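Presented below is the structure to which this report refers.
The structure displayed is predicted, hence computed values, not measured ones. Whatever order the structure lists ligands and atoms in, that order sets their numbers, starting from 1. Any value given below was found using the heavy atoms of this structure, including those in side chains, with hydrogens, waters and symmetry copies removed.
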Amino acid sequence: MKKIAILGSTGSIGTQTLEVVRENKDIEVLALAAGSNIRLLEKQIREFGPRLAAVWEEESAKELRSLVADLDVEILSGMEGLIRVSVLEETEILVTAIVGMIGIRPTIEAIKAGKDIALANKETLVTAGHIIMPLAKEKNVSVLPVDSEHSAIFQSLRGNGENAVHKILLTASGGPFRGKKQEELLDIRVEDALKHPNWSMGQKITIDSSTMVNKGLEVMEARWLFDVEIDQIQVVIQPQSVIHSMVEYEDGAVMAQLGTPDMKLPIQYALYYPKRRYLKGSRLDFWSLARLDFEKPDMDTFYALSLAYEAGREGGSLPTVFNAANELAVKQFLNREIKYLEITEIIEDCMRAHKNIKNPTLEEILTVEAGVYERIKSRR
Ligand code: NAD
Ligand code: MG
């Protein structure tokens, strides 16, 4: 039995991870953490029998304790709960399916405790990659990508030994507003931005996909996972989301991973790496697919992507500013407090106001995050 723990078990990636567990029958779930959906978490506890579970608010933890009083499971709350779930002694792999840079501390603690990381939580790598990757190396821990593009790159790197990567071709669907210009995006409503053409995901990443912030975060995520320069990563729009990403080698050979859009594939691949297992679901049918299209991203309309390249090139604390500003701006947009185009305006404003810190410590990262939140909250 493989022993895992999941941060963010009630979300899109979390529930799909549990589907993979359910199908395979040889994974034991030792611990689960979630935000506030205690009804679903209760069901998951009853089905998968973890010995530890955590929710964010102590109030919810109290409620959950009484819901599962008949079971032998410890219920915790807050950051302490997230960390305990991440470092539980027998766990082999921690699936980081939590959303946002709140995942930094639990991820670092898990690596210190020697857990392999199946990483979906890209915000953590974007903001603290310079701490996490060297630490993982030191602790001999694998950071296995769950993000579909990064899993595709990881798969395309297999069997190529130590051959240098010339370029990473990071594909993007282009989101629901592909082809639109700024003036057509002025009155975008929350409902419009939540309609992704190919993938069904959590709200935050769905908004991020529409602004291309998601692709920007993924450029920075790829930089850390595959140890390449930011400018070796090229974003290619592939509207059908069939090519999940590609690697170009020095001789010009391009390796790609293709498939139907199903996050269970990269999740399962990360959990069983290097083995492939049978996965239920539809297969690519090239006869009905007939064609694949490619485009250059429109970095003027979706200039969050060029801000991300800038943040990634500069490094230091600037990626934290990019990410933290986006996290709060997306929350405000989802709460209908700001307009759609303000998300990227806010990111740019925070980046311009920031004095970069080279190689920030964890404390400095969290201080920068708090400063960004203060700046945004005092905007109006
Ligand atoms: P989601 O919103 O569906 O789920 C997030 C999970 O985190 C939920 O279980 C939520 O309860 C939990 N959570 C949030 N705040 C918490 C807190 N303070 N304490 C404890 N738990 C908390 O998000 P998602 O779409 O599953 O995305 C999760 C991560 O995976 C993100 O970093 C996202 O960028 C990445 N990712 C998602 C997809 C996808 O298909 N959904 C694809 C690639 C990468
Ligand atoms: Mg992705």
Nearest 10° is fine: what angle sits at the Mg ion (ligand 2) between OE2 from Glu218 and OD1 from Asp147?
100°
Check each protein residue for a heavy atom under 4.0 Å from ligand 1 and list those that pass, ordered by chain and number.
Gly8, Ser9, Thr10, Gly11, Ser12, Ile13, Ala34, Gly35, Trp56, Leu82, Ala97, Ile98, Val99, Ile102, Ala120, Asn121, Lys122, Glu123, Asp147, Met201, Gly202, Ile205, Met263
Have a look at Asp231 and tell me which of Arg313, Lys167, Arg223 forms a salt bridge (Lys or Arg N to Asp or Glu O under 4.0 Å) with it.
Arg313
Could you check which N/O/S atom of Glu149 is closest to the Mg ion (ligand 2)?
OE1
Ion pair check, Arg51 and Glu90, cut-off under 4.0 Å:
yes
N-O pairing of Glu348 and Arg352 below 4.0 Å:
yes
Any ion pair linking Arg84 and Glu74 (charged N to carboxylate O, less than 4.0 Å)?
yes
Ser288 side-chain N/O to Asp285 backbone N/O, donor-acceptor pair under 3.5 Å:
yes
Assign the ring pair Trp199 / His244 to parallel, tilted or perpendicular, where the plane angle (0 to 90°) is split at 30° and 60°.
tilted
Please determine whether the number of non-hydrogen atoms from other residues, nucleotides or ligands lying under 6.0 Å from atom CD of Glu191 exceeds 12.
yes
